[in-house]
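Throughout, a chain's letter reflects where its sequence line sits, starting with A, and its residues are numbered from 1.
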Amino acid sequence: MYRLPIDDILPQLLSALNDHSAVVVQAPPGAGKTTRVPLALLKNPLLHNQTILMLEPRRLAATNAARWMASLVGEEVGKTVGYSIRFERKVSALTRIEVVTEGILSRRLQSDPALAGVGVVIFDEFHERSLHSDLALALCRDAQQGLREELKIVIMSATLDAAPVAALLGNAPLLTSEGRTFPVDLRYLHREAEGRLPETVSAAVHRALKETEGDILVFLPGAGDIRRCQQLLGNHGDGQSPLVCPLYGDLPFDAQERAIMPASRRKVVLATNIAETSLTIEGVRVVIDSGFCRRLRFDPSSGLNRLVTARVSAASAAQRAGRAGRLGPGICYRLWSEHIQSTLIPFETPEICASDLTWLALELALWGVADAASLAWLDAPPAAALAEGRTLLKRLGALDRHGVISEAGRRMAGFPVHPRLAHLLVEGEKRGYGAAACDIAALLTERDIFRYPFSTGYRGVSDSDMLDRLEALDEWRKRGDNGAIPDGVDMNACRAADRVSRQLRNILGVKGTIQPCSAETAGLLLAWAYPDRIARQREPGSARYLLANGRGGKLSERSALGDTPFIVAVTMEGGERGDGVIHLANALGIDIIRKEFAGDIAWQRLVDWDGQQGRVVAREEERLGALVLGSRQITPSTDEMVSALLSGIGEEQGLALLNWTREAEQFRSRVCFIARTFPEDGWPDLTPEHLGGTLAEWLAPYLTGIKTLAQLSNLDLLPPLKGMLSWEQQRSLDTQAPTHVVVPSGSRISIDYDKDGPPVLAVKLQEMFGLADTPKIARGRVPVVLHLLSPARRPIQVTQDLKSFWNSIYPEVKKELKGRYPKHPWPDDPWNAVPTRHTKKRSVVGGR
DNA sequence: CAACGCGC
């Protein structure tokens, strides 16, 4: 075997593993760690014939690593070196090194927590930090500490961030190896990177074609940008222009092959992140990096994923640049500045920090941990996302109300699909729709078999996006790859879905042929997976829906659903704010909802104040979560009626809605005056603020029989207000805060208690002749404020000292007003004049 | 107008 950089540290690795339970190996691509480390460990006598498990993040990487190692020991794969990936297992009794993908390791740990017979577990490419590998490490570490002290863990990582994982594993030794890649010349093109992305990128491609040689790999965020960029680059039509190849996951297999294989002329590959780790392209000497990628963000507050375009991390940019240095020295154009380079986040956010954690929550429950914090995490799963996951698992019956896994939950964890789809499988099988359930779960797990943008075929207004796909899948099964399959159906996706469906049928134990499935059945099955997304159209003809979970959704153009009152929203994406986008949905009959979800439906009595009608309305609503399925009129009880009225009074202008007659208002202000004057006497508080806040106490008993605003605004407030005072208080109110006083003329004049200050007595000056003392109330404590009025009832003077008015101000007033009101008496001596409310003529006649 | 990957 020729030497590789990793060989230098293999002896240290073996001796470190003898003394420690875990070792971290940090080695860049090309160091040879994937093949050399397992083979070196195999020679370690301390292994005692136990096996080595190595985890790879992708199936292709797993089979390649196993084949290469097998060839190095001069055997076929499946003897000393084997692999287990989904759908395929090549191991035997001789196998000592088993390369596995992530799901396989999770399942093996869950079924055999002690990993009997395994001596070492190697985590390759650990820096990718998938949810699976984070969980697998946490479980392995737990097994190592509780069940298998002699189990060894080896972490292999490409980046310079291996120190945290070494610390997590009890300060494991950290071994570093050189890589074997060529230098890459980085060129920052920030000045040319100011336009729209596809334009900027195609300009950079033209520049690179002039300045460099060799094939060019371009990183763009998504398929849309790739298509636009392809159009911009493809419009030359001469034989000299390079071959432009798009490369992304949704592309048919042969188109992906064209992008990867060497071409006879110069090639430009326009790729998503698929070329960053998953696929290697032959002949690349130049990389152009747009600096952006599309990333899935989970929003625990909506429970939905959202695709966002974001700047790549520095680690990702380094990985992309490294793709130019595999054959020899390379060149990488970066469409950003050195300044922006310094602001990039160092690493991509690990999946565990920003994903739907329903699956993780189920795995933890299956492992038997109630508290995630009891395991070792590089980044602990965020509490909000974990809680959202647990809530959903309870809704699906996988956890009991204490959060402990149920029998159904154990069964659900055995299916290689999201717990929602596992629930669909279990419920579907119970009702005899097992095979259709497997097809639906497979179609939703794998890539969409309908290519987008859609051309012809199954499109048209429909009441089921799923039934169209089930029929297309069936069609493909009947005719095979060579049959006449309508445009827009992806045969590779059909093959993948069929394979998954067959596996699910095996696990579920479904036998026999696939029976046809109606749109109605599809709706029911999907509702088992997405009970929280049963939705009702906001109004006829609208694309907007209210979901049972209380959130909103809008049907996208992508869905073929027509005008449908009730649906189940199947694939959904979170929006910036407000409504999410429903990509795929299925009609769901109201009678099916009533029958199958009877246990979740509740009748709720609603007695409310309807401000528009100005009356209490009472109905009973049939509710599924936030959805109102139907409603009926009811007769409210007295208590319900009263509390609805009270809330109505609060919602409207409050107290202003009530019938504040002069008498009621005066009564209220008299009590307030006395309460202010004698705070020690314990009078009730009748200020508007307090009355408004205590309607239920003082007004409620008087509301019986009242239903409408009109009745309410006629309600006499005096009885309830008086009801707040004791009998003694009512009596002393009449004496201490009288409604009227009798003035010298004999008139009974009403006292105005409205202001916050002392009460006001507004009286014509002539009626007060001869009186020296200002009238006093409140047991003589408060003199009223006199508003002395002209004969036209205009205020002349405000005073609380009548005596000094007569003596010093009256002569001036008389002089001024005598001419203006000649018919009224203006005596020189007010002390001895006859007080009167009449003119001179009348006072002569009636004054005696 | 939908990145990528994985599963007894």
For a quick check of understanding: with a heavy-atom distance under 4.0 Å over all strands, which category does [X] fall into, base, sugar-phosphate or nothing?
X	result
A:Glu276	nothing
A:Gly249	sugar-phosphate
A:Thr272	sugar-phosphate
A:Tyr248	sugar-phosphate
A:Glu128	nothing
A:Leu296	base
A:Leu105	nothing
A:Arg58	sugar-phosphate

To the nearest Å, how far apart are [X] [atom1] and [N] [atom2]?
X	N	atom1	atom2	result
A:Ile85	B:dC6	CD1	P	9 Å
A:Asp356	B:dC6	CG	P	19 Å
A:Arg297	B:dA2	CZ	P	17 Å
A:Leu251	B:dA3	CG	P	12 Å
A:Glu98	B:dC8	CD	P	12 Å
A:Phe123	B:dG5	CZ	P	22 Å
A:Arg86	B:dC8	CZ	C1'	11 Å
A:Arg306	B:dA3	CZ	C1'	15 Å

| message | So, using salt bridge (charged side-chain N to carboxylate O under 4.0 Å, His left out) as the criterion, who are the partners of A:Arg326 when residues are at least two apart? | response |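 Expected list: none.
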| query | Are A:Glu102 and A:Ser130 linked by a side-chain donor-acceptor pair shorter than 3.5 Å? | reply |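 The answer is yes; a qualifying pair exists.
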| query | Side chains of A:Ser316 and A:Glu276: do they bring a donor and an acceptor to under 3.5 Å? | reply |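 Result is yes, a qualifying pair exists.
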Check whether any side-chain nitrogen or oxygen of [X] sits under 4.0 Å from OP1 or OP2 of [N], and answer yes or no.
X	N	answer
A:Ser130	B:dG5	no
A:His583	B:dA2	yes
A:Arg294	B:dA3	yes

Basic-acidic side-chain contact under 4.0 Å: [X], [Y]:
X	Y	result
A:Arg544	A:Asp579	yes
A:Asp225	A:Arg228	yes
A:Asp448	A:Arg469	yes

Given [options], which nucleotide is nearest the side-chain atoms of [X]?
X	options	result
A:Gln503	B:dA3, B:dC1, B:dC8	B:dC8
A:Ile507	B:dA2, B:dC6, B:dC8	B:dC8
A:Ile274	B:dC4, B:dC6, B:dA3	B:dC4

| said: Go nucleotide by nucleotide along DNA chain B from the 5' end; which of A:Ala223 and A:Gly103 gets its closest nucleotide reached first? | reply: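 Result: A:Ala223.
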| On a plain distance test, is the side chain of A:Arg558 in donor-acceptor contact with the base of B:dA2 below 3.5 Å? |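 Such a pair exists between side chain and base.
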